[in-house]
*Asks:* 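Next up is a structure, given as structure tokens.
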Amino acid sequence: MITAERLREIAFWSAELTLDEIERARRGISEKAFAKGAYICHKGDKLDPWLGVIYGLVRLGTVTQKGKTVTLAGMRAGIWFGEGSVLKKEPRQYDLVALRDVKLAMMGSATFFWLFENSAGFNRFLVKQFNERIGQFIALVEFDRSLDATGKVARNIAWLCNPVLVPKADNQLDITQEEIGLISGVSRQAVNGALQLLEQKKLLRVGHGGITILDLDALNRYED
DNA sequence: GCATTAACAGCCG
DNA sequence: CGGCTGTTAATGC
């Protein structure tokens, strides 16, 4: 259980809720820390709650039947995710790994379903979030030919900075090149090359331990 | 060829 | 000093 003040800090969507709904939400949320490298869940686990990242960075990925690791995306502070598994009451489809020390907010599914059944504001948020995710997916299909390393890096950076999924995100993204590699499925050296190319094209600026986004839209639709 | 791993020097905090 | 970055060399698909 957390305070209403804390809820406002960590859950941007709570701005859409009534006072009564906020009370329900805060009572249904707890926090949990994970050390760097720890698994939050494995594919196939039954994990009840809906998840929000309070701080840290989480890699969402899976392992193919042949044992090849596939990384799908990174989840940064501010994002809430996993509603698909909660809504369908199904096991987790992906592995979740803490790439740094991480703190998660966890909303029990009973609370999630109560908000889903009773809160217009919460449903507005959910529709917006689903719509945004579909948009990302459509873009994925649109670039049907597979992206090179620079394309993967550009796309994953753009996703991290999606202003609908992470409203607080500003142009500054604190992330190492190694972490970008881990969430993009690209080696650190290739990330380094990709970032330099994207900097040349004025889409972002490379700093020490972080980058500055200059043209989010261009990163989103980057191909070669 | 392109991307990956391994290894290392240099730089920043 | 420790962590991160930028480069190079060798290796793999």
Side-chain angles (χ1 to χ4, degrees), chain A residues 9 31-40 42-43 53-79 81 93-104 136-163 165-166 168-224:
Chain A
E9 283 173 19
E31 300 186 9
K32 185 167 180 186
F34 295 85
K36 176 177 180 174
Y39 272 80
I40 294 155
H42 287 89
K43 180 177 181 177
V53 181
I54 298 172
Y55 62 73
L57 187 66
V58 175
R59 194 193 84 196
L60 186 150
T62 187
V63 181
T64 65
Q65 290 170 347
K66 289 166 188 161
K68 200 177 75 172
T69 300
V70 180
T71 78
L72 292 155
M75 299 294 173
R76 71 185 296 203
I79 224 169
F81 67 101
Q93 303 279 67
Y94 314 108
D95 295 327
L96 295 176
V97 183
L99 293 184
R100 315 172 188 163
D101 285 348
V102 161
K103 182 160 276 189
L104 292 186
Q136 288 183 338
F137 185 72
I138 294 289
L140 211 53
V141 177
E142 192 181 341
F143 300 137
D144 120 30
R145 74 201 161 96
S146 55
L147 296 165
D148 62 8
T150 308
K152 288 181 199 168
V153 167
R155 192 181 63 206
N156 278 281
I157 289 172
W159 283 358
L160 281 179
C161 296
N162 183 307
L165 298 178
V166 190
K168 278 197 304 188
D170 54 7
N171 293 336
Q172 182 59 34
L173 181 59
D174 290 323
I175 189 170
T176 67
Q177 298 184 1
E178 181 170 15
E179 288 169 334
I180 294 172
L182 289 171
I183 64 174
S184 306
V186 170
S187 70
R188 182 179 71 74
Q189 292 84 339
V191 170
N192 184 256
L195 288 179
Q196 289 181 33
L197 184 59
L198 294 170
E199 183 172 49
Q200 264 179 33
K201 293 179 184 289
K202 312 276 190 226
L203 303 191
L204 53 77
R205 213 171 23 246
V206 181
H208 197 82
I211 59 178
T212 305
I213 309 300
L214 298 179
D215 191 341
L216 182 58
D217 199 49
L219 286 171
N220 241 321
R221 60 185 74 258
Y222 183 92
E223 43 183 338
D224 302 318

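Note on naming: letters A, B, ... go to the chains in the order of the sequence lines (proteins, then strands), and numbering restarts at 1 for each one.
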*Asks:* At under 4.0 Å between heavy atoms, what does Thr176(A) touch on the DNA or RNA strands: base, sugar-phosphate, or nothing?
*Replies:* sugar-phosphate
*Asks:* Whether Asn192(A) contacts dT5(C) is assessed here as follows: a side-chain N or O lying under 4.0 Å from the phosphate OP1 or OP2. Is that the case?
*Replies:* no
*Asks:* Within the distance-only criterion (no hydrogens, no angle test), does the side chain of Arg76(A) pair as donor or acceptor with the backbone N or O of Leu160(A) below 3.5 angstrom?
*Replies:* yes
*Asks:* For His208(A) and Asp148(A), take the nucleotide of DNA chain B holding the closest heavy atom to each; which residue's nucleotide lies nearer the 5' end?
*Replies:* Asp148(A)
*Asks:* Once you round it to whole Å, what is the distance between P of dG13(B) and CG of Asp174(A)?
*Replies:* 12 Å
*Asks:* Select base, sugar-phosphate, or nothing to describe what Gly185(A) touches, counting heavy atoms under 4.0 Å on all strands.
*Replies:* sugar-phosphate
*Asks:* Quick check for you: among dT4(B), dA7(B), dG3(C), whose closest atom lies nearest to any side-chain atom of Ser187(A)?
*Replies:* dT4(B)
*Asks:* Ignoring hydrogens and geometry, is there a side-chain-to-backbone donor-acceptor pair from Asp101(A) to Lys36(A) under 3.5 Å?
*Replies:* yes
*Asks:* Mind calculating the distance between CD1 (Ile211(A)) and P (dC4(C)) to the nearest angstrom?
*Replies:* 15 Å
*Asks:* CZ of Arg100(A): more than 12 outside heavy atoms within 6.0 angstrom?
*Replies:* yes
*Asks:* Would you kindly give the CZ-to-P distance between Arg188(A) and dT5(B), to the nearest whole Å?
*Replies:* 11 Å
*Asks:* Separation of Leu147(A) atom CG from dA3(B) atom C1', in whole Å?
*Replies:* 15 Å
*Asks:* Measuring to OP1 and OP2 of dG6(C), would you say a side-chain N or O of Gln177(A) lies under 4.0 angstrom away?
*Replies:* yes
*Asks:* Taking atom C1' of dT7(C) as reference, at what distance in whole Å does atom CG of Leu195(A) sit?
*Replies:* 15 Å
*Asks:* Find the distance Ile180(A):CD1 to dC4(C):C1' and express it as a whole number of Å.
*Replies:* 12 Å
*Asks:* Kindly check if the number of other-residue, nucleotide or ligand heavy atoms within 6.0 Å of CD (Glu178(A)) is above 12?
*Replies:* no
*Asks:* Answer yes or no: is there a donor N or O on one side and an acceptor on the other, between the side chain of Thr71(A) and the main chain of Gly185(A), under 3.5 Å?
*Replies:* yes
*Asks:* How many whole angstroms separate atom CD of Glu178(A) from atom C1' of dG3(C)?
*Replies:* 10 Å
*Asks:* Check every strand shown and say whether Gln196(A) touches a base, only sugar-phosphate, or nothing at a heavy-atom separation below 4.0 Å.
*Replies:* sugar-phosphate
*Asks:* From dT4(B), dA6(B), dC11(B), pick the nucleotide closest to the side chain of Gln189(A)?
*Replies:* dA6(B)
